[in-house]
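We count residues from 1, following the sequence as given. Quick caveat, the model's predicted, so the values are computed rather than measured.
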Amino acid sequence: MKSTKSRIIKWLVIFLLCVINISCFFINPIFRILNVTYLNGVLMAIHFSTCLIMLQLDYKYGSKIAFTLMVAYLIQIIFTFGKVRGNSAIPGFFNTILYIITLYILARKFIILEKFAVTDSLTGLKNRRGLFNEMDSLIFKKKPFYTVYIELGNFKQINDTYGHYYGDQVLKLVTQRIIDVLGTDGIATRINGAEFVVIIFDDEKVHDLTRKILDAIREKNSIIHNGIEITGYLTAYAGISHYPFDAKDSDTLIKFADIAMYAARKNNANQITDFTKDMEDTFLRSIEVEKNIKEGFSNNNFYMVYQPQYKMEGKRLRGFEALLRLKNNGGETISPAEFIPIAEASDLIFQIDDFVLNIVMQEFSPLLKKSKDIVISVNVSAKNIASFDFAERIERMLKKNDFNPHNLEIEITEYCLVNSVETTVQNINRLKDLGVQIALDDFGTGYTSLSYIAKLPVNLLKIDKTLVDDITSSQKSQDFVNAVISMGHIMGCDVISEGVENQPQLDILKTQGCDFVQGFVWSKPLDYDVAKDMIQKVS
């Protein structure tokens, strides 16, 4: 609405300037015939000033109107040659020629400046300002369109790992792939580092084109720099909003498409999401939680608790699973089930993972010098373990904190193998070579190929709590858990069951041959000081 009003006001001003200019056009011959030369100069100044203002208001159409009026003025002067005393029209003729040349130079300058102002210097696509210009123009014409907000999921890690030159080349490659897919069916823009917005007009093509764009982005990319070939893969997510159905101004349309993209990123299985009204409240809550995460580091609102893990035989301590907790500035606890997915959907998860790993190594390194069999298990995000330098960072942390790799267990999930499989497997093997133990968390709830999992160097399979909940009341659940335990043993792994809450569950798992157990049946998560005392007692 604001854009439409500003356009109307602009063109009303241009119309008024045209009226003033044309009025001077008809008054001018009278002054020339009367040879009132000082008034002719005033009229010429008004002519030029009004044309100059029109040019500044709208360099595209305002300049055309200005040139037309100035040329008409020049023709008028030519027709007065010989009809006024003393050839007083000659100075006006040359002045008008100079004015036209000046207007032309200024118009060209405006065109160049506008091109730079609306163009992304790296990719050649329109930038944020150019996007708003395009959207405002379509809205002014009331032409329906879709706004597709696309974000590259793991671009920051690639950029940080290989440098900005490689990152820039990747962005250029992505740009070309988007253009190749889009063709003449839309307009591509780059509004931020790894964020693109595409305008698509066709209702029937919008989802198909968006899917093809994401597929093209995810294709293997190889960049050669200084004779070295660097290969990588990108993830991408897209959110879609529609004009005029979702919103009627460009700001809101982009905001809604961004919210839909955020929802797509949060739900990795669905990488394209259309905006719906109920997403806005969810988004605002996510923004609030994300703010709490950032403040958690600066205000020391993060803290650790440790869930004991026991050997089934004799209830001997195996180790602890490190669990992160967060409070907001008001002291209210934010559930990990809420803040971890939000951190996972952004680069904050890298900071969280590093924070947990460093705290665990700092706190337990002195204790484990005497208790070399105790294992501290740390959950790591799928996004992090798929980053190119993950294993190297772990190795640096181990050396920095003088922490024995054999006392560290990294928990991964099956989802780690969905994206960037090659990098993930390389990192797992590198960690294994260092002596770090690997646990596969939430086993039995994913959809990765079992034959693929069997090839991974995993020490431990963790049976998800959801599979254990019904084993005392459902024979089918009992049989399923028994099959998972047998499968883990066939793969040469130990098996631990998490979320065990009562003695009947424990008895069944013991009968089925489960090796380890964790859950409220034997202990709730403990503060560091209590965990420390437990370790010292078994040392």
Side-chain angles (χ1 to χ4, degrees), residues 266-270 305-325 333-341 344 375 377-382 409-418 438-454 456 458-526:
K266 187 176 179 182
N267 179 18
N268 286 282
N270 184 13
V305 294
Y306 299 95
Q307 173 73 59
Q309 298 175 336
Y310 294 96
K311 296 179 181 179
M312 187 70 79
E313 293 296 332
K315 194 183 173 181
R316 288 177 296 163
L317 183 68
R318 175 186 186 262
F320 298 89
E321 179 181 359
L323 302 172
L324 183 66
R325 297 291 183 259
T333 300
I334 301 173
S335 169
E338 183 176 24
F339 77 78
I340 290 296
E344 182 81 42
V375 176
S377 187
V378 178
N379 290 277
V380 173
S381 73
E409 185 173 75
I410 297 293
E411 288 192 20
I412 63 174
T413 64
E414 291 184 44
Y415 182 70
C416 290
L417 303 174
V418 175
I438 306 295
L440 186 61
D441 197 7
D442 300 335
F443 185 72
T445 62
Y447 48 86
T448 309
S449 167
L450 289 174
S451 63
Y452 203 90
I453 291 175
L456 294 177
V458 175
N459 301 94
L460 185 74
L461 291 186
K462 296 193 74 174
I463 303 175
D464 188 68
K465 180 183 183 300
T466 57
L467 301 179
V468 178
D469 286 340
D470 297 328
I471 60 171
T472 58
S473 59
S474 169
Q475 185 61 45
K476 184 180 291 186
S477 295
Q478 235 179 91
D479 293 341
F480 190 83
V481 170
N482 188 44
V484 172
I485 294 172
S486 299
M487 192 180 307
H489 290 159
I490 290 170
M491 292 166 58
C493 302
D494 289 326
V495 179
I496 185 170
S497 182
E498 60 183 1
V500 182
E501 297 182 348
N502 54 61
Q503 189 64 39
Q505 291 177 337
L506 187 66
D507 292 338
I508 292 172
L509 290 166
K510 186 175 182 179
T511 302
Q512 292 177 336
C514 189
D515 303 291
F516 305 103
V517 65
Q518 70 179 66
F520 286 11
V521 65
W522 275 348
S523 178
K524 294 181 179 181
L526 308 172

Under a 4.5 Å cut-off applied to non-hydrogen side-chain atoms, are [X] and [Y] in contact?
X      : Y      : value
Arg325 : Pro336 : yes
Val481 : Gln512 : yes
Ile438 : Leu460 : no
Leu323 : Tyr306 : no
Val500 : Phe520 : no

**Request:** Could you tell me which residues satisfy ring-ring contact (aromatic ring centres under 6.0 Å, His included) with Phe320, sequence neighbours excluded, listed by chain and number?
**Result:** none
**Request:** Not counting sequence neighbours, which residues clear ring-ring contact (aromatic ring centres under 6.0 Å, His included) with Phe516? List them please.
**Result:** none
**Glu321 side chain to Gln309 side chain, donor-acceptor N/O pair below 3.5 angstrom** = no
**Request:** Applying salt bridge (charged side-chain N to carboxylate O under 4.0 Å, His left out), name anything that partners Asp469, two or more places apart in sequence or on another chain.
**Result:** Lys465
**Fill in**
Correct closest heavy-atom pair for Ser523 and Gln307 would be O-NE2, 2.8 Å
**Prompt:** For Pro308 and Lys524, which heavy atoms make the closest approach, and how far apart are they?
**Reply:** CD-O, 3.6 Å
Go through the structure and list residues passing side chain to side chain contact (heavy atoms under 4.5 Å, CB included) with [X], not counting sequence neighbours.
X      : value
Asn502 : Thr472, Pro504, Gln505
Val375 : Arg318, Glu409, Gln437
Leu324 : Phe302, Met304, Phe339, Ile352, Phe355, Val356

**Residues in side-chain hydrogen bond (donor to acceptor under 3.5 Å, both in side chains) contact with Asp470, at least two apart in sequence or another chain** = none
**Request:** Please list, chain by chain and in numerical order, all residues satisfying side-chain hydrogen bond (donor to acceptor under 3.5 Å, both in side chains) with Ser477, sequence neighbours excluded.
**Result:** Ser474
**Message:** Go through it in stages, so that I can follow the logic: the residues are Leu526 and Val305, the test is side-chain contact (heavy atoms from CB on, under 4.5 Å), and I'd like the CA-CA distance, side-chain angles, deciding distance and then a yes or no.
**Reply:** CA-CA 5 Å; Leu526 308 172; Val305 294; over 6 Å; no
**Request:** Would you list the pairs meeting salt bridge (Lys or Arg N to Asp or Glu O under 4.0 Å) in which at least one residue belongs to residues 307-316, sequence neighbours left out?
**Result:** none
**Prompt:** Has the side chain of Gln478 got a donor or acceptor atom that lies under 3.5 Å from a matching backbone atom of Ile471?
**Reply:** yes
**Evaluation steps, side-chain contact (heavy atoms from CB on, under 4.5 Å), between Thr413 and Leu440** = CA-CA 6 Å; Thr413 64; Leu440 186 61; 5.7 Å; no
Please report, to 0.1 Å, the donor-acceptor pairs under 3.5 Å made by any side chain of residues 482-498, with sequence neighbours excluded.
{"residue": "Ser486", "atom": "OG", "partner": "Asn482", "partner atom": "O", "Å": "3.0"}
{"residue": "His489", "atom": "NE2", "partner": "Asp515", "partner atom": "OD2", "Å": "2.8"}
{"residue": "Glu498", "atom": "OE1", "partner": "Lys462", "partner atom": "NZ", "Å": "3.4"}

